[in-house]
2 protein chains.
Amino acid sequence: MHAGLLPNVSVDLVVFGFDSVHLNILLIGRSIFYKGDLYHDWKFPGDLIRKDEDLDDASKRILRELTGIEKIYMKQLKAFGSLNRLTKRARDMDWLISIDHPENRVITIPYYSLVNLEKNGKNDLMLNENARWVPVNYVKTMELAFDHLEILEFALSTLRNEMRTKPLAFELLPQKFSLTQLQKIYEVIFETTLDKRNFRKKIANLSYIVPLNEQENDVSHRPAKLYMFSRDIYQRLKSRNFDFTI
Amino acid sequence: MHAGLLPNVSVDLVVFGFDSVHLNILLIGRSIFYKGDLYHDWKFPGDLIRKDEDLDDASKRILRELTGIEKIYMKQLKAFGSLNRLTKRARDMDWLISIDHPENRVITIPYYSLVNLEKNGKNDLMLNENARWVPVNYVKTMELAFDHLEILEFALSTLRNEMRTKPLAFELLPQKFSLTQLQKIYEVIFETTLDKRNFRKKIANLSYIVPLNEQENDVSHRPAKLYMFSRDIYQRLKSRNFDFTI
DNA sequence: CCAAAAGTGTTAGGAGTACACCCATGA
DNA sequence: TCATGGGTGTACTCCTAACACTTTTGG
């Protein structure tokens with residue numbers, strides 16, 4: 001193990017990527033030989049943190065090292081530190097030794113982050129050959145390492161909670177977006193359907209969602225009007241004690 | 001430092017206690033001699049965690065050791081791990097050495113908990129002579145150690161958020177309570193005033209707030225009817241996809 | 001009988017919800 | 001001209017917010 005690392009504290013990343021159809025999660029495939037058998041499962045990107053590194057910097061570093069992405073929305077969830085979180089499955093002990101980390105008590109501090117896959121390129125991210133974007137609903141059928149399923153559930157419910165009162169949807173969209181794209185995000189994340197007219201009525205009342213004099217092009221149907229999110233207007237309203245809810 | 005402790009991970013407790021008038025915080029007074037001067041400030045109860053101890057168990061242990069209270073509501077906030085959180089003030093380094101903990105990188109995982117001071121006895125808690133219950137608004141004028149002010153702000157905003165959608169108010173009340181007591185909690189925590197009639201109308205629609213055939217006694221005014229919170233009814237409704245909001 | 005807090009209804013405005021058809025574009 | 005998704009209004013219900021007086025008890 002590298003000497004500059006804290007042996008008992010790690011960071012894991014639940015990276016949500018929206019590709020205008022699905023909400024995806026970035027997972028790293030992992031293969032373990034254990035007692036003659038080959039096991040395959042998936043984990044979040046993550047690493048021990050450095051002794052001279054803030055938690056928030058560690059999470060940014062790990063995402064940058066894996067994907068090259070910088071300046072995206074990222075927020076800490078909470079610490080997960082069960083005694084047996086790394087050692088429930090015997091084969092994981094072998095894996096820890098194989099990556100030169102024979103420490104069995106690691107408290108992990110997961111972050112979730114939001115990426116627009118159109119803008120950031122769904123394929124550009126594949127710097128690590130074992131990394132994959134997987135639709136959230138599909139993840140639930142996969143074998144996740146350690147307590148990563150529990151972390152995912154926590155991340156999802158936190159995301160849903162924060163989406164209700166904060167302008168996070170725009171982190172998942174390109175700068176210019178259509179109202180249908182915006183609506184789709186809420187539908188996918190809350191696993192529901194929304195009424196188009198009611199949704200648009202609500203949006204029309206939000207001064208910080210600004211209509212542009214631009215349209216989609218190259219679509220084989222009536223092109224949608226494009227909008228943008230004005231963080232300036234939003235901040236001004238918010239400081240006047242305003243309550244954002246979509 | 002005790003050998004059974006993780007050197008880089010601690011737990012801190014933001015204990016909220018409601019005494020039917022104020023929302024209080026449990027603080028530990030701390031005196032430091034540094035370069036000939038005596039400094040006094042306040043910190044949350046907290047300690048390093050044990051190597052063989054879950055995070056949630058550590059927080060319960062620390063509260064129990066200090067106050068004797070068990071089985072109260074307790075929830076993790078998030079990790080605080082700035083590089084300089086312990087070393088911003090030079091005198092704190094001396095203090096760390098004085099308590100036999102010369103490690104300057106400690107990530108702390110704060111919990112908040114809710115205590116009813118009527119039931120648990122505002123004075124019984126004073127097992128530690130340096131411990132005090134301090135009204136939240138007064139805390140803001142006091143000198144808090146390390147990043148404990150930041151942790152307090154985070155705890156308060158988390159508490160407010162959770163109060164909106166979870167039945168936490170009842171953790172701060174005796175088992176039998178009046179509607180005025182209940183209303184007072186929301187008023188104190190949200191620093192607002194509520195209309196008595198509208199508040200009661202809302203409560204009347206909540207089947208899990210059950211009127212009892214009992215009244216206050218020994219009050220020098222019309223005695224209030226007493227109510228209780230039925231967790232059973234609440235759980236049943238919640239599992240049917242119900243949305244608690246006060 | 002006084003002080004103190006308990007208890008109680010109505011109304012008006014705003015927000016949410018349900019619902020169906022025409023429009024603009026590319027192929 | 002067809003397929004595809006874009007764009008629009010109305011009516012009903014329910015929730016919220018504003019507001020003031022009478023009741024019950026102990027002292």
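Sequence lines set the chain letters: A, B, ... in the order given, protein chains first and strands last, and positions in each chain run from 1.
- Applying the side chain to side chain contact (heavy atoms under 4.5 Å, CB included) rule to B/Glu187 yields the partners B/Gln183, B/Lys184, B/Thr193, B/Leu194; only residues at least two apart in sequence or on another chain are considered.
- One interatomic measurement links the two molecules: NZ of B/Lys225 to C1' of C/dA5, which rounds to 17 Å at whole-angstrom precision.
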Strictly under 3.5 Å: I want the nitrogen or oxygen pairs between protein and nucleotides 10-15 of chain C, one per line.
from   : atom 1 : to       : atom 2 : distance (Å)
C/dT10 : O4     : B/Lys201 : NZ     : 2.9

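- With sequence neighbours excluded, the residues that form a side chain to side chain contact (heavy atoms under 4.5 Å, CB included) with A/Ile107 are A/Ala79, A/Arg105, B/Leu6, B/Val9, B/Ile49, B/Leu55, B/Ile109.
- The CD atom of B/Gln183 sits 11 Å away from the P atom of C/dG7 (whole-angstrom rounding).
- Across the protein-nucleic acid pair, B/Leu182 atom CG and C/dA6 atom C1' stand 15 Å apart, rounded to whole Å.
- When heavy atoms are screened at a 4.0 angstrom cut-off, A/Ser178 is found touching no nucleic acid atom at all.
- With rounding to whole Å, B/Asn217 atom CG is found 17 Å from C/dA5 atom P.
- Taking atom CZ on A/Phe199 and atom C1' on D/dG6, their separation rounds to 14 Å, with Å as the unit.
- Note: CG (B/Asp195) to C1' (C/dT8) measures 11 Å, nearest angstrom.
- When all heavy atoms of A/Arg30 and A/Phe146 are compared, the closest pair comes out as NH1-CZ, 3.3 Å.
- Counting only residues at least two apart or on different chains, the salt bridge (Lys or Arg N to Asp or Glu O under 4.0 Å) pairs with a member in residues 144-157 of chain B are B/Arg85-B/Asp147.
- Taking B/Lys196 as the reference, nothing meets the salt bridge (charged side-chain N to carboxylate O under 4.0 Å, His left out) condition, with sequence neighbours excluded.
- Scanning for salt bridge (charged side-chain N to carboxylate O under 4.0 Å, His left out) contacts around B/Arg222 gives an empty result, with sequence neighbours left out.
- For A/Tyr111 and A/Asp56, the side-chain atoms include at least one donor-acceptor pair closer than 3.5 Å.
- The side chain to side chain contact (heavy atoms under 4.5 Å, CB included) test applied to B/Asn217 returns no partner, not counting sequence neighbours.
- Distance, A/Gln181 CD to D/dG7 C1': 16 Å, rounded to whole Å.
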Nucleic acid footprint by protein, nucleotides 20-27 of chain D - heavy-atom cut-off 4.0 Å, B for base, S for sugar-phosphate alone: B--BBBS-
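- Computed from coordinates, the B/Leu194 CG to D/dA18 C1' distance equals 14 Å when rounded to whole Å.
- Under the side chain to side chain contact (heavy atoms under 4.5 Å, CB included) criterion, B/Asn161 pairs with B/Arg164, sequence neighbours left out.
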